[in-house]
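Every heavy atom of this structure was used, including side-chain atoms; hydrogens, water molecules and symmetry mates were not.
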Amino acid sequence: MPGWILTPLVLGPQGVPVLTDAEQAKAAPEVVVLSAMAHGQGEAGEAIGAAFLAAAAGLDEERRAL
């Protein structure tokens with residue numbers, strides 16, 4: 001389309017919370033995955049990983065597959 005400009009939306013680390021609380025991770029497992037991707041290499045990486053594992057353990061089969 002002539003004149004059409006695509007401006008992608010980008011989510012960077014500053015837009016993703018550092019999620020280390022297991023209960024919050026269980027409530028929003030998608031967010032803890034984003035948190036691991038955005039902050040997993042930092043000093044909170046181990047705590048984020050533990051929260052992720054706690055959340056993953058309680059997922060039903062359909063959400064786990066996703």
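Looking at every heavy atom in both residues, A51 comes nearest to A25 through O-CB, 3.5 Å.
Looking at T20, its side chain never comes within 3.5 Å of a backbone N or O of A47 through a donor-acceptor pair.
Pairs of residues two or more places apart, or lying in two chains, that qualify as salt bridge (charged side-chain N to carboxylate O under 4.0 Å, His left out) and include a residue from residues 26-47 are E23-K26, E30-R63.
Two residues are said to be in side-chain contact when any heavy atoms from C-beta on lie closer than 4.5 Å; L11 and V16 meet this criterion.
L34 and L59 fall into different hydrophobic clusters, where Ile, Leu, Val, Met, Phe, Trp and Tyr side chains are chained together by heavy-atom contacts under 4.5 Å. By the rule that hydrophobic residues join a cluster once side-chain heavy atoms approach within less than 4.5 Å of another member, M1 and L6 end up as members of one cluster.
Considering CD of Q41 and CD1 of I48, their distance stands at 10.0 Å, rounded to 0.5 Å.
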